[in-house]
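All values below come from the heavy atoms of this structure, side chains included, with hydrogens, waters and symmetry mates left out.
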Amino acid sequence: MRDVALFYSLYPFWAWLAVGAALLALETATGSGYLLWPAVAAAAVALATLGLHLGLPVEALAFAVLTIGLTVLARAYWPPHPRIEHPTLNDRGVRLVGLYGRTVGDFAAGQGRVFVDGAEWTAELDQEEAARPAPGARVKVVEVVDGGRLRVRAA
């Protein structure tokens, strides 16, 4: 602890810059948005200590006031992140409807496998489909059934 106090008394700029860098690293790791403004405040105090050494109590008070002020200003004027509410945003299966792919093998009893959008999927033939597609035939996805099975028809 004595070494930290000695380092601070000799180099307050680097001590505050290290505090700011640590806060910024934590903000980057968490992405919360709460540690960005204290990191900026620490950098501002570091710049203030370049010209004069105010002492730890005054610098800590300046850090606290800057942190609160910057956080309040940021919340007031920085637009919040928009919440994207879309029912199919992360539903890859729904995005497959309308895409074309190829059959991987024979379809037996209306069931088989198809290669669509870089992945192999379990598939079933559409109700209207009478003939079984040959291996390697082009098919179109018409529906996603039970989340992971595709309903296809010959294209």
Side-chain angles (χ1 to χ4, degrees), residues 1-105 111-126 136-153 155:
M1 187 66 179
R2 190 170 38 126
D3 293 336
V4 173
L6 178 64
F7 178 78
Y8 171 76
S9 66
L10 293 174
Y11 310 106
F13 169 78
W14 292 109
W16 280 108
L17 201 61
V19 168
L23 288 169
L24 190 59
L26 284 171
E27 170 58 37
T28 303
T30 62
S32 66
Y34 293 109
L35 297 175
L36 178 62
W37 304 113
V40 171
V45 172
L47 289 174
T49 61
L50 270 179
L52 48 128
H53 186 61
L54 303 171
L56 184 59
V58 174
E59 292 168 5
L61 180 64
F63 172 72
V65 169
L66 281 171
T67 297
I68 292 169
L70 288 171
T71 303
V72 168
L73 284 174
R75 297 281 180 226
Y77 294 107
W78 197 292
H81 293 290
R83 288 256 183 232
I84 298 173
E85 299 292 336
H86 195 278
T88 62
L89 179 64
N90 291 320
D91 192 354
R92 183 178 182 195
V94 173
R95 290 183 290 141
L96 293 174
V97 174
L99 295 181
Y100 292 91
R102 300 261 177 216
T103 59
V104 175
Q111 303 287 322
R113 299 199 54 85
V114 295
F115 188 80
V116 180
D117 195 33
E120 196 172 303
W121 298 82
T122 303
E124 64 184 40
L125 292 176
D126 192 24
R138 188 169 187 229
V139 292
K140 180 179 181 180
V141 179
V142 293
E143 186 182 359
V144 178
V145 183
D146 297 332
R149 192 170 71 244
L150 307 179
R151 184 166 289 143
V152 298
R153 77 168 53 126

Identify every side-chain donor-acceptor pair in residues 145-152 under 3.5 Å, counting partners at least two apart or on other chains, and give the distances.
residue : atom : partner : partner atom : Å
Asp146  : OD2  : Arg149  : NH1          : 3.4
Asp146  : OD2  : Arg149  : NH2          : 3.4
Arg149  : NE   : Glu124  : OE1          : 2.7
Arg149  : NH2  : Glu124  : OE1          : 3.2
Arg151  : NE   : Glu124  : OE2          : 2.9
Arg151  : NH1  : Glu143  : OE1          : 2.6
Arg151  : NH2  : Glu124  : OE2          : 2.5

With sequence neighbours left out, the residues meeting side chain to side chain donor-acceptor pair (under 3.5 Å) with Thr122 are Arg113

Pairwise side-chain contact, Thr103 with Phe115, heavy-atom cut-off 4.5 Å (strictly under) | no

Do you know which two heavy atoms are closest between [X] and [Y], and how far apart they sit?
X      : Y      : value
Gly20  : Ala39  : O-CB, 3.5 Å
Val116 : Gly101 : CG2-CA, 3.8 Å
Arg102 : Gly136 : CD-O, 3.1 Å
Val19  : Ala42  : CG1-CB, 4.1 Å
Glu27  : Leu35  : OE1-N, 3.1 Å
Val139 : Val114 : CG2-CG1, 3.9 Å

Could you walk me through whether Val141 and Tyr100 pass the side chain to side chain contact (heavy atoms under 4.5 Å, CB included) check?
-> CA-CA 6 Å; Val141 179; Tyr100 292 91; over 6 Å; no

What distance do Trp16 atom CH2 and Leu50 atom CG have between them, rounded to the nearest 0.5 Å?
-> 14.0 Å

Mind checking the CG-OG1 spacing from Leu36 to Thr30? Nearest 0.5 Å is all I need.
-> 10.0 Å

Taking only distance into account, with no hydrogens and no angle test, what donor-acceptor pairs under 3.5 Å do side-chain atoms of residues 61-73 form with protein atoms, sequence neighbours excluded?
residue : atom : partner : partner atom : Å
Thr67   : OG1  : Phe63   : O            : 2.8
Thr71   : OG1  : Thr67   : O            : 2.7

Test side chain to side chain contact (heavy atoms under 4.5 Å, CB included) on Trp121 and Leu96 and set out the steps.
-> CA-CA 11 Å; Trp121 298 82; Leu96 293 174; 3.2 Å; yes

